[in-house]
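Both counts, for ligands and for their atoms, begin at 1 and track the order of listing.
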Amino acid sequence: MPGELATATCRVCDGNVHEFLDLGRQPLSDAFREPDSDATEFFFRLAVGRCESCTMVQLTESVPREKMFHEEYPYHSSGSAVMREHFAGTARRFLATELAVPDPFIVEMGCNDGVMLSTIQRAGVRHLGFEPSGRVAEVARAAGVRVRTAFFEDSTAAQVREAEGPAQVIFAANTMCHIPYPDSIFRGVDALLAPDGVFVFEDPYLGDLVAKTSFDQIYDEHFFLFSAHSVRAMAEHYGFELVDVERLPVHGGEIRYTLARAGRRTPSAAVADLLAEEDARGLSGMATLRGFAASVMRVRDDLVELLRRLRTDGSRVVAYGATAKSATVTNFCDIGPELVSYVCDSTPAKQHRLTPGKHIPVRPPTAFRDPYPDYALLFAWNHADEIMANEEEFRRSGGRWISYVPNVRVL
Ligand code: SAM
Ligand code: TMP
Ligand code: ZN
């Protein structure tokens with residue numbers, strides 16, 4: 001962009017990345033701290049930019065993968081009933097389509113606790129999950145899922161191709177956007193995928209981030225924020241083609257992208273439709289992204305003002321869902337235990353620890369009822385229906401939810 005300095009180099013095409021949002025000094029979003037720990041916390045600068053060549057929206061600084069994905073990684077995908085059903089449906093669809101061939105084979109990167117592959121395993125279909133985070137990989141293994149505790153990349157994928165033959169499907173959910181080394185991933189996919197196979201991945205959609213000002217989707221693990229335009233460019237860069245897109249309601253709005261080797265499949269009408277929709281709204285334009293950044297500042301100011309007013313009024317405010325997303329909210333907005341007394345979360349690995357950076361205590365959901373607070377700030381807003389249904393009694397007892405997506409309001 002004329003007159004502007006590039007702040008980073010695009011991880012896909014080596015183009016110039018121009019920053020449009022700076023979310024400041026941030027910790028690792030999933031590093032829940034022991035209360036008595038005196039270990040130094042890791043911080044980095046969380047800023048987002050857009051590549052002037054391929055439009056890919058990406059962080060300008062990346063965190064080494066071993067700092068994020070390791071034995072202690074606390075996120076368990078099966079923690080939500082809605083997500084369990086979503087992935088069981090995903091597996092059933094693959095079984096009825098791409099895997100309805102003789103001796104099918106599916107590989108998943110980031111299989112976590114086996115939320116998707118357990119359905120494949122029960123159907124008796126050959127599969128392999130790659131999951132570098134040891135504890136969640138062990139949960140998948142205990143459910144009978146075949147897991148390799150390793151990062152999917154060019155070398156590990158090539159080993160699997162050698163030992164087990166080609167895969168009809170390579171799948172990744174909420175994992176491709178975590179990976180700032182797509183060159184190695186695509187070399188691995190190229191080695192392992194059958195000639196007519198599909199590489200399918202689903203991740204939070206830039207279009208939903210902008211529409212909902214959901215800036216909390218930006219954190220260390222979410223290195224890329226994909227759109228149909230940027231994924232198409234990425235696919236082409238590596239010799240693949242974007243052949244289908246599907247909007248998904250989960251995690252605040254995602255897209256499932258289907259890629260095939262270039263020229264092997266006819267792209268669906270949905271691809272052209274979504275590209276046209278993105279063009280019409282100027283989604284990949286710098287003006288839209290700067291407008292998004294301005295909205296983020298407004299949400300921050302409104303949220304901090306509301307929480308300070310509630311504190312002055314003497315209201316009891318807690319939060320619900322110690323999400324990775326909430327690390328961005330609490331650290332960017334400077335929200336600590338003085339504004340939000342504690343966060344409830346159903347994940348044992350997060351409970352009785354402190355949130356990264358702002359050190360808000362995490363308690364089990366039983367603490368929520370004992371007694372109910374006046375207000376609950378919904379950090380897990382993407383699971384709103386499920387959580388509000390489970391916690392119906394809170395509202396009946398006079399409690400009120402606070403949301404900040406798409407704007408700050410008391411529900
Ligand atoms: N697929 C699950 C879902 O959608 O709920 C898990 C998503 S979780 C946010 C991302 C997972 O990707 C983590 O379990 C992490 O350990 C794993 N991961 C990160 N980099 C990876 C890589 N290169 N290969 C395989 N898994 C990876
Ligand atoms: P996610 O938004 O990254 O999926 O994280 C959701 C977090 O919220 C995770 O730590 C589990 C927690 N959670 C609850 O505490 N109760 C619930 O009912 C649900 C669905 C999630
Ligand atoms: Zn680029």
Side-chain angles (χ1 to χ4, degrees), residues 8-17 29-30 32 50-58 65-66 68-70 73-84 86-87 90 107-117 129-137 140 147-153 156-157 171-182 184-185 188 201-204 216-217 219 221-223 230 233-234 237 250-252 254 319-326 343-351 362 364-365 368 378-391:
T9 302
C10 177
R11 298 299 176 106
V12 176
C13 78
D14 284 338
N16 292 324
V17 173
S29 62
D30 266 317
F32 291 86
R50 168 193 171 272
C51 172
E52 67 183 17
S53 303
C54 75
T55 78
M56 184 64 83
V57 173
Q58 56 200 283
R65 64 186 188 176
E66 289 79 8
M68 299 186 282
F69 310 117
H70 46 66
Y73 183 66
Y75 185 71
H76 287 245
S77 303
S78 294
S80 151
V82 170
M83 293 313 298
R84 287 198 297 276
H86 169 77
F87 286 121
T90 305
V107 172
E108 183 178 8
M109 57 180 100
C111 70
N112 199 271
D113 59 9
V115 68
M116 197 283 288
L117 283 181
F130 275 89
E131 180 45 71
S133 300
R135 197 187 289 162
V136 289
V147 189
R148 189 165 163 167
T149 307
F151 288 95
F152 183 100
E153 57 194 334
T156 52
F171 179 66
N174 305 298
T175 298
M176 266 305 279
C177 77
H178 292 51
I179 299 182
Y181 43 94
S184 172
I185 295 295
F201 54 92
E202 57 191 60
D203 290 284
D216 57 350
Q217 291 285 13
Y219 52 93
E221 295 171 22
H222 284 183
F223 184 83
S230 63
M234 177 168 73
H237 186 80
V250 297
H251 288 315
E254 300 203 319
Y320 210 106
T323 56
K325 292 184 285 294
S326 66
V343 190
C344 307
D345 196 286
S346 58
T347 315
K350 297 182 182 181
Q351 292 164 1
V362 183
F368 189 55
L378 189 55
F379 281 149
W381 55 268
N382 46 314
H383 300 292
D385 292 347
E386 187 173 345
I387 289 174
M388 287 182 187
N390 287 341
E391 299 290 359

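The closest side-chain heavy-atom distance from Met56 to His237 is not below 4.5 Å. Taking the side chain as every heavy atom from C-beta outward, Met109 and Ile185 approach each other to under 4.5 Å. Counting only heavy atoms from C-beta outward, the side chains of Met68 and Asp30 never approach each other to under 4.5 Å.
Of the protein's non-hydrogen atoms, the one nearest atom 3 (O) of ligand 2 is Tyr75 CE1, 3.4 Å. For atom 12 (O) of ligand 1, the closest non-hydrogen atom on the protein side is Thr175 OG1, 3.3 Å.
Taking a cut-off of under 4.0 Å to the non-hydrogen atoms of Lys350, the atoms of ligand 2 that pass are 9 (C), 10 (O). Against a heavy-atom cut-off of under 4.0 Å, Thr323 is close to the following atoms of ligand 2: 2 (O), 5 (O), 6 (C), 7 (C). Annotation for ligand 2: atoms under 4.0 Å from non-hydrogen atoms of Glu386 are 20 (C). Each of the following atoms of ligand 2 lies closer than 4.0 Å to a heavy atom of Thr347: 9 (C), 10 (O), 11 (C). Interface atoms of ligand 2 facing Asn390, defined by a heavy-atom separation under 4.0 Å, are 18 (O).
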- Query: Hey, mind stepping through Thr156 and Phe151 against side-chain contact (heavy atoms from CB on, under 4.5 Å) and telling me if it holds?
  - Reply: CA-CA 7 Å; Thr156 52; Phe151 288 95; 5.8 Å; no

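Centred on the Zn ion (ligand 3), the angle running from Cys54 (SG) to Cys10 (SG) is recorded as 110°, rounding to 10°.
Proximity of Phe379 to ligand 2 is not established, as no heavy-atom distance is less than 4.0 Å.
Annotation: Tyr73 places no N or O atom under 3.5 Å from an N or O atom of ligand 1; distance criterion only. Residue contacts with ligand 1: Ala150 is placed with no nitrogen or oxygen under 3.5 Å of a nitrogen or oxygen of the ligand (distance criterion only). Residue-to-ligand polar distances place Asp345 within reach of ligand 2: an N/O pair is separated by less than 3.5 Å. Checked by distance only, ligand 1 and Tyr75 stay at 3.5 Å or farther apart across all their nitrogen or oxygen atoms. Taking distance alone, with nitrogen or oxygen atoms compared against 3.5 Å, Ile185 stays at or beyond that limit from ligand 1. Considering backbone and side-chain N/O of Met109, none are found under 3.5 Å from N/O of ligand 1. Checked against a 3.5 angstrom limit, the closest N/O atoms of His178 and ligand 1 fall outside it.
Under the side-chain hydrogen bond (donor to acceptor under 3.5 Å, both in side chains) rule, Tyr181 has a single partner from Glu153, Arg65, Arg11, which is Arg65.
Contact annotation for Val115 and ligand 1: no heavy atom of the residue comes within less than 4.0 Å of the ligand. Contacts between Phe69 and ligand 1, counted as non-hydrogen atom pairs separated by less than 4.0 Å, involve the side chain only. Contacts with ligand 1 closer than 4.0 Å are made by side-chain heavy atoms of Tyr181 only, the backbone lying farther away.
Within the set Ala384, Ser346, Pro365, the minimum heavy-atom distance to atom 13 (N) of ligand 2 is found for Ser346. Remark: among candidates His222, Glu131, His251, the nearest residue to atom 14 (O) of ligand 1 is Glu131, based on non-hydrogen atoms. Among Ser77, Gly188, Ser133, the residue whose heavy atom lies nearest to atom 6 (C) of ligand 1 is Ser77. Looking at Glu221, Arg84, Lys325, it is Lys325 that brings a heavy atom closest to atom 2 (O) of ligand 2. Relative to atom 6 (C) of ligand 2, the option among Glu391, Gln217, His251, His383 with the closest non-hydrogen atom is His383. Between atom 21 (C) of ligand 2 and the options Leu378, Val343, Ile387, Asn382, the minimum heavy-atom separation is to Ile387.
A donor-acceptor pair is defined here as one N or O able to donate and one able to accept, closer than 3.5 Å; such a pair exists between the side chain of Glu386 and the backbone of Ala81. Using modelled atom types, one side-chain atom of Glu131 and one backbone atom of Asn112 make a donor-acceptor pair closer than 3.5 Å. Checked by atom type and distance alone, the side chain of Gln217 never pairs as donor or acceptor with a backbone atom of Pro204 at under 3.5 Å.
One distance of note links OH of Tyr219 with OG of Ser326; it measures 9.5 Å at 0.5 Å rounding.
Between the side chains of Tyr75 and Glu221, no donor-acceptor pair is found at a separation under 3.5 Å. Side-chain N/O atoms of Glu254 and His86 include no donor and acceptor closer than 3.5 Å.
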